[in-house]
Amino acid sequence: MTTDEIVEVAADFAQDAHLFSEILRGGGPVRRVRLPPRGLPCYLVTGFAEARALLADPRLQKNSQGIREVFEAKLPPEALQNGLGQDLSWHMLNSDPPDHTRLRKLVNKAFTARTVARLRPRVEEITAELLDALAGQERADLVAAFAAPLPITVICELLGVQEADRAEFSGWSKTLLSAAVHPEQVQAAAASMFAYLTDLIAQKRAEPAEDLLSDLVHATDDGDSLSEPELVSMAFLLLVAGHETTVNLIANGVLALLREPEQLARLRAEPELLPGAVEEFLRFDGPIHLATLRFTAEPVEVAGVTIPKGELVLVSLLGANRDPERYPEPDKLDITRAVGGHLAFGHGIHYCVGAPLARLEAEIALGGLLARFPDIALAAEPAELVYRASSLVHGLEALPVRL
């Protein structure tokens, strides 16, 4: 089956991403849409089975050159100026085998469960410091005061970014992931990020330290190493993805609990449920909305829909994780749910390399927060909360709480 119907997506769809996915899925798990702000035509997948299959389908490719060519065929020249350009795109998330295999192999060892477990004492220390700073305050924005600084500190320490540079770096990251800023601001942020990372890599090459970025600069594996564009792009990917996911995981998880007092009370009474609860937070209100772009290298048929060659495909991780065909009562938070196999971190060869770190940080952060502040409550009506204007990240601009 093919269809010529194109759903025009509203500019504010990120403000109720779950409703958006539910409405789309009502017309089928694979739909043709036109996304704001550039009117990008693509196929959007909201069904769990279809999403899982396509995320691992080698006929859907991700290399930046191929994406660029499809963009050029789909959008007018003036709309193409909104992107980041090629300077920050030479990383593993924008590559296919064999390049992807080579790039991922060089970073995999830094994010294994065993390696990440060694970071636990430092994550616990940072968490305690942030909670100490919150103590005594009557109200706070939990995003700015806790959910954001924890993973930013961890990933910057892991990669070797100086503390004085972290606020500026975080600002660039927010700009680059926002759909609500002017294209010139995006270009300026990308240029600043590129210049900063180029200089940082030069420092690591001249004076290597005990950090991941130094390891990547000097890494060789079977005689291979990262080129300069690959180094800059990989540093960009690890720094941005290494904190943005966890910021939203923590904040979204707290919000979910504050809106479900019975679930919150049970988790307080049975803290051993926390690892499973984190998996449910990932399923219920994950940190990523639409997975990064793929394009069809040949025609692909899925759920009775034929996606022609040369089409862009977006997978809604949020939509897939609330597909009632996969999870009964998907809109209900249940911290004891058997949630294995959710797609919050993707699936296939592009499965999030930082997933073990995100899980560790979320478990420590949420456990520490609930233990320290037994009376924490939402200090705003749910309808007053604003989500970031992004098709990629699914996160709150702020989370006001009473402590």
Side-chain angles (χ1 to χ4, degrees), residues 14-22 127-128 130-148 150-151 245-287 289 318-319 321-324 326-340 342 344 358-388 394-403:
Q15 297 308 312
D16 199 337
H18 293 293
L19 178 61
F20 164 73
S21 295
E22 182 181 349
T127 299
L130 292 169
L131 293 174
D132 287 344
L134 283 170
Q137 297 185 37
E138 183 177 339
R139 294 168 60 102
D141 170 13
L142 209 64
V143 172
F146 185 64
L150 171 59
T245 298
T246 314
V247 172
N248 300 329
L249 170 54
I250 294 170
N252 294 354
V254 172
L255 175 61
L257 285 172
L258 295 181
R259 297 179 70 176
E260 296 291 343
E262 290 184 3
Q263 295 290 299
L264 175 57
R266 180 161 189 186
L267 189 56
R268 286 193 193 281
E270 302 176 63
E272 66 273 12
L273 294 176
L274 190 52
V278 168
E279 298 307 309
E280 172 68 346
F281 300 144
L282 284 162
R283 181 208 68 83
F284 178 76
D285 202 22
H289 184 184
L318 291 183
N321 283 332
R322 288 209 187 182
D323 183 349
R326 176 63 177 84
Y327 295 107
E329 298 184 278
D331 298 330
K332 177 183 177 181
L333 179 72
D334 180 1
I335 61 172
T336 65
R337 184 192 296 266
V339 75
H342 66 71
R359 287 184 165 107
L360 177 74
E361 291 174 332
E363 184 179 333
I364 292 171
L366 292 167
L369 181 73
L370 298 182
R372 182 70 69 93
F373 300 107
D375 299 319
I376 187 171
L378 193 60
E381 293 298 322
E384 297 173 349
L385 299 175
V386 177
Y387 284 85
R388 292 168 62 180
H394 173 61
L396 296 160
E397 290 282 0
L399 180 57
V401 294
R402 290 191 302 275
L403 299 169

Quick check: do [X] and [Y] have side-chain heavy atoms less than 4.5 Å from each other?
X      : Y      : answer
Leu150 : Thr246 : no
Phe146 : Val254 : no
Leu255 : Arg259 : yes
Glu270 : Ile335 : no

Can you see which heavy atom on [X] is nearest to which on [Y], and at what distance?
X      : Y      : value
Ala17  : Leu318 : CB-CD1, 3.7 Å
Arg402 : Leu378 : NH1-O, 3.4 Å
Leu282 : Pro287 : CD2-CD, 3.9 Å
Arg337 : Glu280 : NE-OE2, 3.2 Å
Pro400 : Leu385 : CD-CD2, 3.7 Å
Ile250 : Ala362 : CG1-CA, 4.2 Å

Can you tell me if CD on Glu262 sees more than 12 non-hydrogen neighbours from other groups inside 6.0 Å?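 No - once you tally the heavy atoms of other residues, nucleotides and ligands closer than 6.0 Å, there are 12 at most.
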I'd like to know if the side chain of [X] reaches the main chain of [Y], judged simply by a donor and an acceptor atom lying under 3.5 Å from each other, with no hydrogens or angles considered.
X      : Y      : answer
Arg268 : Pro374 : yes
Arg283 : Asn321 : yes
Gln15  : Tyr387 : yes
Tyr327 : Val339 : yes

Checking side chain to side chain contact (heavy atoms under 4.5 Å, CB included) against Leu257, which of Leu370, Ile376, Asn252 comes through?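 It is Leu370; the other options fail the test.
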Rounded distance [0.5 Å steps], [atom1] in [X] versus [atom2] in [Y]:
X      : Y      : atom1 : atom2 : answer
Leu366 : Thr127 : CG    : OG1   : 9.5 Å
Gln263 : Leu333 : CD    : CG    : 5.0 Å
Glu329 : Asp334 : CD    : CG    : 8.5 Å
Phe373 : Leu403 : CZ    : CG    : 5.0 Å
His18  : His289 : NE2   : NE2   : 8.0 Å

Which pairs with one or both residues in residues 364-386 pass side-chain hydrogen bond (donor to acceptor under 3.5 Å, both in side chains), sequence neighbours excluded?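 Of all non-adjacent pairs touching residues 364-386, those that pass side-chain hydrogen bond (donor to acceptor under 3.5 Å, both in side chains) are Asp132-Arg372.
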Can Glu279 and Arg359 be counted as an ion pair, charged N to O under 4.0 angstrom?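 Yes, Glu279 and Arg359 are salt-bridged.
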Set of residues satisfying salt bridge (charged side-chain N to carboxylate O under 4.0 Å, His left out) with respect to Arg326, sequence neighbours excluded: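 Counting only residues at least two positions away or on another chain, Arg326 forms no salt bridge (charged side-chain N to carboxylate O under 4.0 Å, His left out).
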Would you tabulate the side-chain donor-acceptor contacts of residues 133-142 under 3.5 Å, counting partners in other chains and residues two or more places apart, or write 'none'?
from, atom 1, to, atom 2, distance (Å)
Gln137, NE2, Ala133, O, 3.0
Asp141, OD1, Val143, N, 3.0
Asp141, OD1, Leu399, N, 2.9

Under the side chain to side chain contact (heavy atoms under 4.5 Å, CB included) criterion, do Arg388 and Asn248 qualify, and how do the steps go? CA-CA 10 Å; Arg388 292 168 62 180; Asn248 300 329; 4.1 Å; yes
